[in-house]
Structures are given as C-alpha cells and as structure tokens.
Amino acid sequence: RTAEWARLVDAPSISKDGQCFEITANIGTPDDVNDVIKQGAEGIGLFRSEFLYMNSDHLPTEDEQFEAYRRVIINMQGKRVVVRTLDIGGDKPLPFLPLPREMNPFLGYRAIRLCLDHPEIFKPQLRALIRASQYGPLSIMFPMIATVQELRQAKQIFNECKAELQVKQPGIGDDIRLGIMIEIPLAAVNAGNLAREVDFFSIGTNDLIQYSFAADRGSDAVSYLYQPLNPAFLSLVKHVIDAAHKHKITVAMCGEMAGDKWALPLLMGLGLDVYSMSASTVLRTRSMMSKLDTRECRRVVTDAINNCSTDRDVKMLVKNSLNIK
Ligand code: PEP
Ligand code: MG
C-alpha cells in the first residue's frame, strides 16, 4: 500500500474511467506547506488565515501578512493557493479586538460579517493578498457568505484595494480568482445567483452540516447529527454542484467530508471538481479515486438520493455496490 501510494505522489487525480479531478490540501500555517508537497497535493484548497491573527498580540500589519502569503505561494512552486479571508469572531476571540458577547456565537458577528464592518481589518488583508499574487497563482475566498449583497460588498472592497495598488503597479491582482465558501444553507439554496458573481465555490461541509441540522459542531451531545451521508444533505450538495456547473464555474469542497472515504464515490458521482483535505489523506483518496468508475458512482448517488431515507442506508448502499472497505 505504501509503495502504491508513493507512486501516486506525482500522479494526476483520475478515476478508473479516465475522468480528471483535483485533490488539494487544507493548511493552517505556512509551515504546513512541506507536508503538502510531500503528500502530492495539487495545490492548497484552503489556507485558513486565522493563525496570523490568533497568534498575535496586535492586528497583523499588511507587510506581515504579505510575507506569510508570499512564502506559501513561493513554496508551492506554481501550484494554486486558495486563501480564505479572516474567519473569526464569536467562539474565536481576538485579543486586540473587543467583540460583543453573544448567546449564539456561531450565528453571530463573525467572518465576513465582521470584515465588512471593519475595513481597517479587511483591507490590509486584501492588499497583502493582492501584492502576494505576483508570486504565483492565487485565489481568494470569502467565508460565511449568506447573501448576494454581502458578496457584492466584499468584491467592491477587493476592487477598491486593487485599484489603489494598480496606481503604482498596473495590472496587479488581475489574475486573482475570487470565490466563496458555501457553508450557510441559504447560500446553498441560492447557489445559482451566487455562481453568476464568482469564479468558484468551495463547499464548507463542517459548517454547512452544522447549520443544516441545527447542531453545534463542537457539541458531543448532538454529534450524532453530523451526517454527511444523509440523503437530504446529499441533495443539497447536488444542488450546489449543478448550479455551479450550469454557470460554468468550478466547485470544490474543503470540509471534512471531502476526505471521507464513504462520501468520495458519492461526490465523484455528483461531479465535484476539487477535493480539499488534510495532507495526510491526499494519497489514500487519490488511490481510491483511481479504482472508482464515475458512471457507477453516478448510479449509486442517484440511487442514494432517490431511494434512501437515512445516512445508514446510504452507507450500506455504498458498501454493497462498490468495493469499499
Ligand atoms: C467548513 O466549515 O467546512 C470549513 C472548511 O471551514 P472551518 O472548518 O474552518 O469552519
Ligand atoms: Mg467554516
């Protein structure tokens, strides 16, 4: 198995019947890049930028951020890096930013909501990213987008930052791809309208499941409601993928579900383009992918959505119809 996986480090991510996918890695700090390269990921699908803020006693300056992003982009040697803008607030406090106390921090003032309200925090990050984009392919994605208006506001601020920087450096940032996380149920339902205004989606299943089932992702008492294989949830994911493809944009997944072995054939059957996961599961996933036929996967996921009632039914169906252990 290790020998097979070793051969896959430089191999493409391709199904048994020759369909091409992409497997990328999630990282939390620039030091994680070594492992990403070693495990053969095709890029970074989620760079959680929170570490810059949480390990600091001050708001990180534009230059400090620029250095961190540039380092990651250069070390990725031409492979694409997707940076998520600050996803913080509520449960993840910042020492230098007093936030309101809330009863439901996961439903509160956080992520893009906080950033749109604090341009003095949001703009330095966007400026640092635009400057870093000179060193390799970069995508930026906004977390926790609920509405088209929020997305337009975020893009407007991005465009302002770009225009300011282009005064001195014409063209800088023009190659950046912009996307959003789909992690709020309404955004998933509204994927068709959102897809018109971005280059890509990335489905954040950790939060999308939490909000869809109304079950706190950190609570053991309700952890039985973490059900990525629930047929109703699968049809929500299908809706997002179909809407993205109808508008000719790519769709990634960067929550835990993307690296789940039971979910993999279902997601391949739905046509998910990019699978972003912890570096340690990249090779296992690429190996599994190479043994799966997408036509068979499509039949199984259609059967799961149309004929299964529970996540257990779906797991049994996957187990019995495909050779997965
Ligand atoms: C998610 O919500 O699925 C996700 C990838 O983001 P995070 O786990 O950082 O909330
Ligand atoms: Mg999330």
Side-chain angles (χ1 to χ4, degrees), residues 22-29 32 36 41 43-55 72 81-94 104-116 125 139-147 150-151 154 179-188 191 194 198 200-219 222-223 225-230 233-234 236-237 240-241 244 250-260 263-264 266-267 272-282 285:
E22 203 177 306
I23 303 179
T24 60
N26 299 346
I27 65 167
T29 79
D32 298 338
V36 170
I44 289 170
L46 168 62
F47 180 9
R48 292 184 166 98
S49 61
E50 291 78 61
F51 84 98
L52 280 166
Y53 300 78
M54 296 186 71
N55 301 334
V72 170
V81 177
V82 182
V83 178
R84 176 177 72 187
T85 61
L86 184 58
D87 184 5
I88 213 160
D91 63 318
K92 293 186 232 161
L94 289 178
N104 295 298
F106 276 119
L107 303 180
Y109 188 61
R110 53 179 302 133
I112 199 69
R113 303 166 181 187
L114 185 153
C115 285
L116 292 176
Q125 180 170 40
S139 300
I140 298 176
M141 68 180 172
F142 303 121
M144 301 284 296
I145 292 285
T147 67
E150 284 174 330
L151 168 59
I180 56 173
M181 303 267 305
I182 298 286
E183 50 186 347
I184 292 180
L186 191 83
L194 290 162
V198 287
F200 68 97
F201 285 157
S202 190
I203 306 175
T205 51
N206 305 338
D207 279 313
L208 189 58
I209 292 173
Q210 145 165 282
Y211 296 128
S212 296
F213 290 82
D216 188 329
R217 61 192 265 185
S219 162
V222 295
S223 63
L225 287 169
Y226 177 78
Q227 295 181 6
L229 303 184
N230 185 292
F233 186 71
L234 292 174
L236 187 62
V237 171
V240 173
I241 294 173
T250 41
V251 51
M253 179 176 283
C254 61
E256 287 301 310
M257 184 180 180
D260 180 311
L264 180 69
L266 301 166
L267 297 171
L272 181 73
D273 303 297
V274 183
Y275 301 71
S276 198
M277 59 196 66
S278 96
S280 61
T281 49
V282 166
T285 306

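First listed ligand is number 1; within each ligand, the first listed atom is number 1. Just so you know, these numbers use all the heavy atoms, side chains as well, and skip hydrogens, waters and symmetry mates.
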Proximal candidate to atom 10 (O) of ligand 1 [heavy atom criterion; set R217, M253, E183, M181]: R217

Partner of C254 by side chain to side chain contact (heavy atoms under 4.5 Å, CB included), out of R48, M141, M277: M141

Audit row: N26, S278, side-chain hydrogen bond (donor to acceptor under 3.5 Å, both in side chains) steps and yes/no: CA-CA 5 Å; N26 299 346; S278 96; over 6 Å; no

Which segment of E256 sits under 4.0 Å of ligand 1 when only heavy atoms are counted: neither

Student check: side-chain heavy atoms of R84 and F142 closer than 4.5 Å: no

Side chains of Y211 and L107 in contact at under 4.5 Å (non-hydrogen atoms): yes

Non-hydrogen side-chain atoms of F106 and M144 separated by less than 4.5 Å: no

Q210 atom CD: more than 12 heavy-atom contacts under 6.0 Å: yes

Numbered atoms of ligand 1 (with element) below 4.0 Å of L46, judged on heavy atoms: 5 (C)

Atom 9 (O) of ligand 1 [closest protein heavy-atom partner, distance rounded to 0.1 Å]: R48 NE, 2.8 Å

Atoms of protein origin (N, O or S) under 2.8 Å from the Mg ion (ligand 2): E183 OE1, D207 OD2

Side chain, backbone, both or neither: R84 near ligand 1, heavy atoms under 4.0 Å: side chain

Option set N206, I209, I184, I182, criterion heavy-atom distance to atom 3 (O) of ligand 1, minimum: N206

Proximity of M277 to ligand 1 by residue part, where a heavy atom lies under 4.0 Å: neither

Ligand-residue contact atoms, ligand 1 with C254, heavy atoms, under 4.0 Å: 5 (C)

Side-chain heavy atoms of M253 within contact of T205, under 4.5 Å: yes

Rounded distance [0.5 Å steps], OG1 in T250 versus CD in E22: 8.0 Å

Flag side-chain contact, heavy atom, 4.5 Å: V82 against T24: no

Value rounded to 0.5 Å, distance of CG in L229 from CE in M257: 6.0 Å

